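Accompanying notes for the structure given below.
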Amino acid sequence: MRYSLPVFFFLLLSFGALAQWDDTDRLSKEFHQQKRDALRVLMPEKSAAVFFANPVRNRNNDVDFQFSQNPNFYYLTGYLEPNAALIILKEPRVFDGVSTNEILFVQDRNPTSEIWTGKRLGVDGAKQMLGFKSVYKGIDLREFGLNWSSLNEVMVLYPSLPNRSPLSNAELGDLVDYFQDATMKSKVVVNESGLKPMMNSLREIKTKEEIGLMQTAMDITIDGFKAMIKQLEPGMSEYEAQAIIEYYSKKGGSEYMGYPSICGGGSNACVLHYTYNRKSLEAKDMFLVDMGAEYHGYTADITRTIPVDGNFSTEEKAIYNLVLQAQNAGIEKCRKGNDFRAGHNAAYAVIAKGLIDLGIIKKESEAKNYFMHGTSHYLGLDVHDAGTYQSLLPGVVMTVEPGIYINQGSNCDPKWWGIGVRIEDDILVTDTDPVIMTISLPRSIEELEKMMAE
Ligand code: GLY
Ligand code: MN
Ligand code: MN
């Protein structure tokens with residue numbers, strides 16, 4: 001069907017829009033409201049908390065990277081557009097006759113921009129879709145009627161601003177300026193360190209809704225891993241294998257990958273965050289794939305390492321089983337009350353002993369030459385998620401991902417050179433046993449060899 005240009009634009013503005021609201025399984029506005037309320041409980045008397053949206057980042061010339069909302073901003077608002085700010089007040093104030101303890105500043109509607117990039121929520125849309133009583137245009141923050149000097153302190157998390165645009169109004173940089181002007185004039189105390197620990201403790205524990213989205217992110221990533229493992233063969237490039245998992249992720253509804261996909265064959269497996277992914281895979285290579293689909297903001301983080309020809313050699317088997325044993329020891333420590341580092345300590349001890357037994361190292365401290373990263377991090381809106389990183393609490397989701405990386409030229413028998421293995425799964429800490437949320441993706445050599453033979 002063909003439309004004349006005006007009719008096309010009319011259709012675009014009326015319907016072709018607000019694509020993010022096509023999803024019916026997003027976090028509810030009640031979720032975001034509850035998180036604002038929970039933050040307010042942590043805030044001191046007579047304080048305000050101020051958050052900003054992420055900047056739009058330029059890719060090159062007039063092309064920007066796809067916008068990704070700041071996780072704290074998303075967590076507290078559900079707003080998916082740039083150029084926005086949020087003020088949360090400990091105690092309510094009256095603005096324009098409305099008593100409120102939270103004010104959202106959003107991008108204004110703009111028919112010209114909306115022709116290019118789609119419908120914006122605007123003030124009315126934000127009230128309706130996000131459930132805020134008080135929503136203003138970004139420009140309104142410039143002279144906003146908040147008596148800042150009546151507050152004991154203002155806590156703020158500033159964004160990093162890579163590309164300022166001095167010509168336009170109420171872009172993120174302008175919002176930061178308005179805020180800084182107002183707080184400087186009023187001489188109120190501005191606290192840049194208070195909010196982070198509060199957000200860390202809020203975001204650390206996942207609700208059922210969040211765990212559901214994370215499980216979806218993991219399941220669609222696993223669909224991709226299974227397809228990739230079955231299709232892998234010598235001559236395939238690292239990027240072709242990457243494409244299979246990214247295809248299944250997108251097909252499953254993922255908006256982005258949670259981080260640049262790491263697909264390293266042969267010695268590239270020894271580069272911890274290798275993302276070049278251009279090498280052609282050879283039969284003798286081990287192939288390390290670390291990928292995670294992001295679904296409605298929440299990311300998976302999974303690693304499997306497999307032999308390109310479908311069979312583990314004797315040396316590969318020895319290293320792989322050692323990493324697997326270390327991972328199991330780490331997972332066993334994902335229990336409430338344990339220190340966050342307990343899993344790492346357990347995994348490190350297994351790897352150190354195993355490397356000594358294999359003759360690769362002589363003493364325990366040398367294991368860090370081959371296992372040079374931590375074993376776990378929290379997982380959520382960020383792949384390395386916010387959290388207190390103290391003792392484990394039920395509702396925490398964390399990775400367990402030990403690895404052994406033996407570069408060419410390492411100080412051991414050359415038969416080990418070029419082997420890099422990491423195994424990474426995502427674990428939910430509960431009141432009882434750890435739940436391996438990524439359990440449906442095989443880890444054992446027998447299961448992987450069987451899958452590769454399919
Ligand atoms: N994919 C990054 C990591 O595993 O931490
Ligand atoms: Mn990880
Ligand atoms: Mn990973």
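Quick caveat, the model's predicted, so the values are computed rather than measured. Whatever order the structure lists them in is the order used to number ligands and atoms, beginning at 1.
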What are the protein N/O/S atoms, named by residue and atom, that sit under 2.8 Å from the Mn ion (ligand 2)?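 Less than 2.8 Å away from the Mn ion (ligand 2) sit Asp301 OD2, His377 NE2, Glu401 OE2, Glu424 OE2.
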For the rings on Phe132 and His32, is their centre-to-centre separation under 6.0 Å?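 When the ring centroids of Phe132 and His32 are compared, they turn out to be at least 6.0 Å apart.
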Ring centers of His384, Tyr389 separated by less than 6.0 Å: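 For His384 and Tyr389, the ring centres are not under 6.0 Å apart.
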When you look at NZ of Lys353, are more than 12 heavy atoms from neighbouring residues, nucleotides or ligands closer to it than 6.0 Å?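 Count not over threshold, so no.
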Hey, is Arg304 close enough to Glu447 for a salt bridge, meaning N to O under 4.0 Å?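 Looking at Arg304 and Glu447, the cut-off is not met.
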Any carboxylate oxygen within less than 4.0 angstrom of a Lys/Arg side-chain nitrogen, looking at Arg335 and Asp433?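 Salt bridge present between Arg335 and Asp433.
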Can you list every side chain to side chain donor-acceptor pair (under 3.5 Å) pair that touches residues 360-369, not counting sequence neighbours?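 Those involving residues 360-369 do not exist here.
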Passing option when Tyr75 is tested against Gln69, Lys35, Arg36 for side chain to side chain contact (heavy atoms under 4.5 Å, CB included):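 Result: among Gln69, Lys35, Arg36, Lys35 is the only option passing the side chain to side chain contact (heavy atoms under 4.5 Å, CB included) with Tyr75.
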Donor-acceptor pairs under 3.5 angstrom involving side-chain atoms of residues 218-229: please list them, not counting sequence neighbours.
residue: Asp219; atom: OD1; partner: Gln215; partner atom: NE2; Å: 3.0
residue: Thr221; atom: OG1; partner: Ala217; partner atom: O; Å: 2.6
residue: Thr221; atom: OG1; partner: Ala293; partner atom: N; Å: 3.0
residue: Lys226; atom: NZ; partner: Ser440; partner atom: O; Å: 3.3

Are the side chain of Lys206 and the backbone N or O of Ile211 linked by a donor-acceptor pair below 3.5 Å?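 Looks like no, no N/O pair under 3.5 Å.
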Within the 4.0 Å heavy-atom sphere of ligand 1, strictly under, residues: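 Residues near ligand 1: Tyr259, His273, Asp290, Asp301, His377, His384, Glu401, Glu424.
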